[in-house]
Asker: 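Handing you a structure now.
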Amino acid sequence: MSQLLLDLASALAEFSEPAGLPADAAAEAAHLRRGAECASVRPNFVPGARLDHTALFSAALEGAVSLRLAQALRAVADEMVWHYSYPARPGEPDRSSAIAFAELIGPDAALFAPACRIGLTLMAPHTVYPMHAHPAVELYRVIAGEAEWQTPQSASLLPPGTAILHPSNLAHAMRSYDEPLLALYGWSGDIDTPPYYL
Ligand SMILES: [Fe+2]
């Protein structure tokens, strides 16, 4: 398992390669890449409660833009600790069956790194991830699925392979269409304050 995790960290670092990204995203990608490269396997890691998104994850990986990353993720698919972290709100649907997150590198992950969080966001087809924000600076890179990415000022269809940078506390939302969305996220800065719906 340790070697599979190290292979994954290497594939994540390669996928975070900043070449070809806009300057602000490239700087953040380089920062996160250093975090991925320095991650170490946590001995005796005990994962928390997990949701079963095996089928959705497998379907999303079919459309992965990086074959190396897809291979590394498939190798650890059974160990993926999917969760949905937002508290329930009155009158809002339960989104935990359609939106999930899995932290791969970070203070609480199987691959330990103290100052960044790198993980996956997974969304079922035809799902809305409502406007939310967080103090952490966030870089997303799309692995699979074309979806709409929104801020109060913009809306863009991002294909696999593209990246988007969310500065600290910028509101943002996503909407998937016919394909599941799988995207790599990287957090830096205040990585301890959780995200919240607006
Ligand atoms: Fe975010």
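Indexing begins at 1, ligand by ligand and atom by atom, following the structure's order.
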Asker: What heavy-atom pair brings A100 and H53 nearest, and what distance separates the two atoms?
Answerer: CB-CD2, 3.4 Å
Asker: Does a side chain donor of either N169 or H134 reach within less than 3.5 Å of an acceptor in the other side chain?
Answerer: no
Asker: Between R117 and I105 (side chain of the first, backbone of the second, donor and acceptor by atom type, cut-off under 3.5 Å), is there such a pair?
Answerer: no
Asker: Just to be sure I understand the site: which N, O or S atoms from the protein are less than 2.8 Å away from the Fe ion (ligand 1)?
Answerer: H134 NE2, E138 OE1, E138 OE2, H172 NE2
Asker: With sequence neighbours excluded, tell me which residues meet side-chain hydrogen bond (donor to acceptor under 3.5 Å, both in side chains) with Y177.
Answerer: none
Asker: Within the side chain of T151, is there an N or O that forms a donor-acceptor pair under 3.5 Å with the backbone of Q153?
Answerer: yes
Asker: Strictly by modelled atom types, are Y86 and Y129 linked by a side-chain donor-acceptor pair under 3.5 Å?
Answerer: yes
